[in-house]
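Below, read A as the first sequence line, B as the second, and so on, with proteins coming before strands; counting in each chain starts at 1. All heavy atoms count here, side chains included; hydrogens, waters and symmetry mates do not.
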Protein chains: 2
Amino acid sequence: MSALTNAIEILRCFSSARPDLSFADVMALTGKPKSSTSRLLRSLRDCGLLEQDPHTRRYRPGLLTFELGRLHRAHDDLISMAERELREVCARTGHTGYIAVLDGYEQVVLRIVPGSNPLRVVNPPGQRTPALATSNGRAMLARLSDEDIRARVPATYPKLPRNSPQNFKQLMARMDEIRRTGVSEAADESIEGVGSQGFALKSGETGEMIGIAVSYSVQATTAAERANVRRELAAMAAKLRRMTGDPLEQDAARVKTGTR
Amino acid sequence: MSALTNAIEILRCFSSARPDLSFADVMALTGKPKSSTSRLLRSLRDCGLLEQDPHTRRYRPGLLTFELGRLHRAHDDLISMAERELREVCARTGHTGYIAVLDGYEQVVLRIVPGSNPLRVVNPPGQRTPALATSNGRAMLARLSDEDIRARVPATYPKLPRNSPQNFKQLMARMDEIRRTGVSEAADESIEGVGSQGFALKSGETGEMIGIAVSYSVQATTAAERANVRRELAAMAAKLRRMTGDPLEQDAARVKTGTR
DNA sequence: AAGAGAGTTCCAAATTTCGGAACCTCGTCC
DNA sequence: GGACGAGGTTCCGAAATTTGGAACTCTCTT
């Protein structure tokens, strides 16, 4: 295990729920011996990835993590373009918008556009969720080949919320539906009472893919309102696909024939 | 040189001016041999710190840098408390506010509060500037002991803008003035025509220190307006010092007597 | 078909990392 | 005061990684 892997393992122990950790916490969470933990924490601190509270001696993410986070913002043409469009849709509909990327079988929230409706934001940026259980997560998966999807789903199919696909067969049925209709819906999955619709956008230039979704309270919306969201999303998808040169058609053909 | 140091050296090559780099760029910037560069880039890519554009094969900061950046936000009680106050002052005065921290002899911008006045934001978050050449940078330095300041300034005194202290003696004169008056001013230094006033805030609990400044166009402000900024800042400083338990008095005594 | 440019892989030597054990250093309890 | 334990650091030989030159692969270009 390289120094880098170790460093990342430790950094991943921190989260908004656990913003700072003691030596013992890190030892428990990583399961490494004392001496290794001591050395690793020291080197992370020395290089700026961690800071240590001089009083409590607890560790927290350091200045360098902030600087690294800034770097990522530099490469966000696709994301910021999508964010601009999403902002308009959210302003018109009052609902909350999400932009996320796929990482393995999880998705990571990159941006949030709070709506005017009083639905509290539940997935802050950085949040990881199984992609199988969200509308835009499934929309992203649907653009991969079947083998690729199979490779991403863990060997033992994970336990998901009631309305999410409960096994691989159900998942593939959803994939087919998304590929056919071009939209992905979710209701009462990751969060009770919350529904969403989403789609996946792929850059023709870089091939990078993001998932865009609009989320709302199921009880507080009418079917007509949800149909309106669907129309808004379809329009945004069409516009963004044109702007980014999304190779959707070729992709669909490739998936169908099984070519890589 | 450990894997971690190498990784950071490479990541530091990226910036908003250079959001993506080719293999050759990285080789040139780090001065490492081909084989090492190849291996390092691969491992950074594998662990998610870098992404590679499949088409151009260029590298850019990866999803993990985004996630790490999010972590830093988790520990920002002091910073967000200061940001809230700064927001109010900026709303009242129309000027632009900055929050920064000290790192060696440089400061790093953490937060910006854009004002309503049409002064373009010139230092985005993440920006590094010699602390000697900014109002809040000097305010932070002034709260260190003289030996500590001397240790931070590079052996050969750096070339700074016209109105910044040009040598160590001038710097120490400024330090004394800041310690005496409690405020730090800058005009026409890092950026032509831009002035600022700032102070340093230290948490009584954690001992961490941040610099807070309000920045404005020198031409477009009157002396009265600048005096108003000074009053606003003094009020904010007093309030924040109370809230955070800033040990300013003890510090001042320590610096004076040279105790550590 | 040869050559150049851009990267990758190989390998033995040099450097780091590993983890158990001994060793600190406080604060606490008797 | 002294023993104790929690929390953490340092030491050291064994094991694993990293290094960088050289050979090799790929992909263009001429």
Hydrogens and angles aside, do A:S35 and A:S38 bring a side-chain donor and acceptor to less than 3.5 Å of each other?
no
On DNA chain D, compare the nucleotides closest to A:R42 and A:L4; which residue's is nearer the 5' end?
A:R42
Using a heavy-atom cut-off of under 4.0 Å over every strand shown, decide if A:S36 touches base, sugar-phosphate, or nothing.
base
With A:R57 as the cation and A:F23 as the aromatic partner, state whether NZ or CZ is under 6.0 Å from the six-membered ring centre and within 45° of the axis.
no
Which ones in residues 18-35 of chain B lie close to DNA chain D, meaning a heavy atom under 4.0 Å from one of its atoms?
B:P33, B:S35
Can you pull the contact range of chain B along DNA chain C, 5' to 3', using atoms under 4.0 angstrom from its heavy atoms?
C:dG7 to C:dT17
Start and end of chain A contact along DNA chain D [non-hydrogen atoms, under 4.0 Å]
D:dG8 to D:dT18
To the nearest 0.5 Å, what is the distance between OG1 on B:T30 and CZ on B:R12?
15.0 Å
Applying salt bridge (charged side-chain N to carboxylate O under 4.0 Å, His left out), can you list everything that pairs with A:R241, at least two apart in sequence or on another chain?
A:D246
Looking at B:R58 and B:D53, would you say the former's side chain and the latter's main chain have a donor-acceptor pair under 3.5 Å?
no
What I want to find out is whether B:D103 reaches B:R128 closely enough, with some N-O distance under 4.0 Å, to be called a salt bridge.
yes
Residues forming a ring-ring contact (aromatic ring centres under 6.0 Å, His included) with A:F66, sequence neighbours excluded
B:H72
Using the salt bridge (charged side-chain N to carboxylate O under 4.0 Å, His left out) criterion, which residues pair with B:R152? Sequence neighbours excluded.
B:D148
How is A:R39 classified with respect to the nucleic acid when contacts are heavy atoms under 4.0 Å: base, sugar-phosphate, or nothing?
base
Taking atom CZ as the centre, does B:R45 end up with more than 12 heavy-atom neighbours from other residues, nucleotides or ligands that are less than 6.0 angstrom away?
yes
Does a donor on one side chain sit under 3.5 Å from an acceptor on the other, for A:Q107 and A:T134?
yes
